[in-house]
Amino acid sequence: MSHVDHIAELRAELAHCLLTKRERAQLEAELRKALAARASSDRRIPTPSMPGTELNGAARF
């Protein structure tokens with residue numbers, strides 16, 4: 001499962017499921033961990049520059 005799919009699934013569970021405080025806390029922790037993993041992988045994989053942008057997202061003026 002991709003990071004995006006996993007994050008979407010966790011968000012859906014948090015939004016639509018009846019959870020105990022403990023279950024909600026576990027899902028929220030798992031979501032934070034998944035978001036951090038996605039951010040980490042996003043930083044490691046450089047993407048081609050689009051016209052007018054740098055790899056770090058800074059716009060050229």
Side-chain angles (χ1 to χ4, degrees):
M1 181 182 300
S2 72
H3 289 297
V4 174
D5 293 336
H6 187 216
I7 290 167
E9 185 177 291
L10 292 170
R11 285 180 171 160
E13 286 184 52
L14 284 167
H16 302 291
C17 294
L18 294 175
L19 304 166
T20 64
K21 288 181 181 182
R22 184 181 204 171
E23 290 169 330
R24 181 166 297 279
Q26 289 172 336
L27 278 175
E28 288 171 345
E30 189 175 346
L31 177 58
R32 282 191 299 275
K33 185 177 175 182
L35 288 168
R38 185 186 69 182
S40 175
S41 69
D42 287 350
R43 279 187 241 114
R44 286 182 289 177
I45 303 171
T47 56
S49 294
M50 294 175 47
T53 64
E54 299 292 333
L55 281 178
N56 65 4
R60 290 185 224 165
F61 292 100

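All figures in this text were calculated on a predicted structure; none of them were measured in a lab.
Between Arg11 and Leu35 there is a side-chain heavy-atom pair separated by less than 4.5 Å. Within the 4.5 Å cutoff, the side chain of Arg38 has no heavy atoms near those of the His6 side chain.
Atom CG of Leu10 and atom NZ of Lys33 lie 11.0 Å apart (nearest 0.5 Å). Here the straight-line distance linking atom CZ of Arg32 with atom CD1 of Ile7 works out to 13.0 Å at 0.5 Å rounding. Put simply, CG on Leu14 and CD on Glu9 are 11.0 Å apart, with the number rounded to the nearest 0.5 Å.
Between Glu13 and Leu19 the shortest heavy-atom distance is O-CD1, 4.0 Å. Closest of all the heavy-atom pairs between Ala34 and His3 is O-ND1, 4.3 Å.
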